[in-house]
Enquirer: 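This structure is in structure tokens; I'll ask about it shortly.
This one's a predicted model, so the numbers in the text were calculated from it and none came from an experiment. Whatever order the structure lists ligands and atoms in, that order sets their numbers, starting from 1.
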Amino acid sequence: MAIDFKQVDFTYQPGTPFATKALTDINVTIPDGSYTALIGHTGSGKSTLLQHLDALLKPTSGTVTIGERVITPTTSNKDLKSLRQHVGIVFQFPENQLFEETVAKDIAFGPQNFGVSEADALKTAAKMLALVGLDASLLERSPFDLSGGQMRRVAIAGVLAMQPKVLVLDEPTAGLDPQGRLDMMEMFARLRHEQHLTVVLVTHQMDDVANYADHVIVMDQGRVVKTGTPQAIFKDPQWLVEHQLGLPKTTAFAQQLMAKGMQFDPVPLTEDQLAAALVQQLPASAFGGATTHDE
Ligand SMILES: Nc1ncnc2c1ncn2[C@@H]1O[C@H](COP(=O)(O)OP(=O)(O)OP(=O)(O)O)[C@@H](O)[C@H]1O
């Protein structure tokens, strides 16, 4: 499902002395089926834009079209329920929102709230638990007895139980160790394909942008300052510095090699791309394949 912003402005507490303009003239599309990364330094407007993706916030002016629904400043809050079913948002530290006495009930809560019978919702819960890679034996456990990583997966299963078309992830790996982060990112990549999701990832991790996204939106001071593929976004290190953004680790390393005379075109973004580019450039002797003088 595509989401389209047209001339969107957003001001917090408008008309008061505390008014803060957080979005200015946003014209951007999140393409259907894309894995879109939303990046920008702190305070650039990412969270504000994210809350427009399921009309938690409505534009102060302009329109947001979410699938078939057009959200304007005057859209009533009443009939937004079905829209919210289609756009699942995993907020930062989603495990903090768990509250039911069992894992099964927690995951089933959303569908039941939308009128699904308890029996059907519990069946869905079991399916969703498997989808996030957890064992069925956890269904009757208290979510509060689980590890932090397991709790986060249960919370994500609760979002997936609504069978959203768009999955929005706000810094989903914050607080996880490196292996936990990798496992979580791989899980989202798998879910995207299995569930045919459009994914929107808000992140400060440029490696995740390079490894997973196919479309990037860069924000600065409430405006979208660039959109494009990761390749296009990361090809200008100077521009990124000016917008207080970094490079993926692999790209930074490739830049160092380029400073010493190596050439890459395109500049690699991922370890796989760097390895492939190096294999092409290094002499065969570097791989132990050299013929020796004794032969
Ligand atoms: N509830 C609020 N009330 C008033 N101003 C707010 C509110 N939330 C955010 N802002 C302001 O809106 C602007 C954009 O903030 P936003 O949280 O959207 O940025 P962000 O890019 O998500 O930042 P971060 O990376 O730190 O999460 C900032 O100037 C911020 O201070």
Enquirer: Yes or no: does H204 have any heavy atom under 4.0 Å from an atom of ligand 1?
Expert: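 Flag set, H204 near ligand 1.
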
Enquirer: Got the closest protein heavy atom to atom 14 (C) of ligand 1, with its distance?
Expert: G43 O, 3.5 Å

Enquirer: Taking the six-membered ring for Trp, are Y35 and Y212 parallel (under 30°), tilted (30 to 60°) or perpendicular (over 60°)?
Expert: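 Correct class here is parallel.
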
Enquirer: Nearest to atom 9 (C) of ligand 1, what protein heavy atom do you find, and at what distance?
Expert: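 Looking only at protein heavy atoms, the one closest to atom 9 (C) of ligand 1 is Y12 CE1, 3.5 Å.
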
Enquirer: With side chains defined as the heavy atoms from C-beta onward, is the minimum distance between L201 and F188 less than 4.5 Å?
Expert: no

Enquirer: Is there a donor-acceptor contact under 3.5 Å from the side chain of Q281 to the main chain of Q263?
Expert: yes

Enquirer: Which ligand 1 atoms, with their elements, are less than 4.0 angstrom from a heavy-atom of H41?
Expert: 21 (O)

Enquirer: With a 4.5 Å limit on heavy-atom distance, are the side chains of V200 and V166 in contact?
Expert: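 Yes, their side chains come closer than 4.5 Å.
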
Enquirer: Could you check atom 26 (O) of ligand 1 against the protein and tell me its nearest heavy-atom contact, residue, atom and distance included?
Expert: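 Protein heavy atom with the smallest distance to atom 26 (O) of ligand 1: T42 CG2, 3.0 Å.
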
Enquirer: Would K81 and F114 count as a cation-pi pair here, with the cationic atom under 6.0 angstrom from the ring centre and within 45° of the axis?
Expert: yes

Enquirer: For S137 and D135, does a side-chain donor sit closer than 3.5 Å to a side-chain acceptor?
Expert: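 Present: a donor and an acceptor within the cut-off.
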
Enquirer: What residue and heavy atom of the protein are closest to atom 21 (O) of ligand 1, and at what distance?
Expert: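 The closest one turns out to be K46 NZ, 2.8 Å.
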
Enquirer: Would a search of protein heavy atoms around atom 31 (O) of ligand 1 find one under 4.0 Å away?
Expert: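 Not a single protein heavy atom is under 4.0 Å away.
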
Enquirer: I'd like to check which ligand 1 atoms, numbered from 1 as shown, lie under 4.0 Å from a non-hydrogen atom of S47.
Expert: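 Atoms satisfying the 4.0 Å criterion: 17 (O), 18 (O), 20 (P), 22 (O), 27 (O).
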
Enquirer: What residue and heavy atom of the protein are closest to atom 19 (O) of ligand 1, and at what distance?
Expert: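 Here the closest protein heavy atom is G45 N, 3.1 Å.
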
Enquirer: Does S44 come within less than 4.0 angstrom of ligand 1, counting non-hydrogen atoms of the residue?
Expert: yes

Enquirer: Can you check whether E186 reaches L182 side chain to side chain, under 4.5 Å on heavy atoms?
Expert: yes

Enquirer: In this structure, which one of T75, T74, T72, N77 forms a side chain to side chain donor-acceptor pair (under 3.5 Å) with K58?
Expert: N77

Enquirer: Is it the case that D220 and S44 place a side-chain donor and acceptor less than 3.5 Å from each other?
Expert: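 No donor-acceptor contact under 3.5 Å links the two side chains.
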
Enquirer: Return the closest protein heavy atom for atom 29 (O) of ligand 1 as residue, atom name and distance.
Expert: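 That would be T20 CG2, 4.1 Å.
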
Enquirer: Report yes if A22 has an N/O atom closer than 3.5 Å to an N/O atom of ligand 1; otherwise report no.
Expert: no

Enquirer: Could you identify the single nearest non-hydrogen protein atom to atom 18 (O) of ligand 1 and state the distance to 0.1 Å?
Expert: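 Its nearest protein heavy-atom neighbour is T48 OG1, 2.5 Å.
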
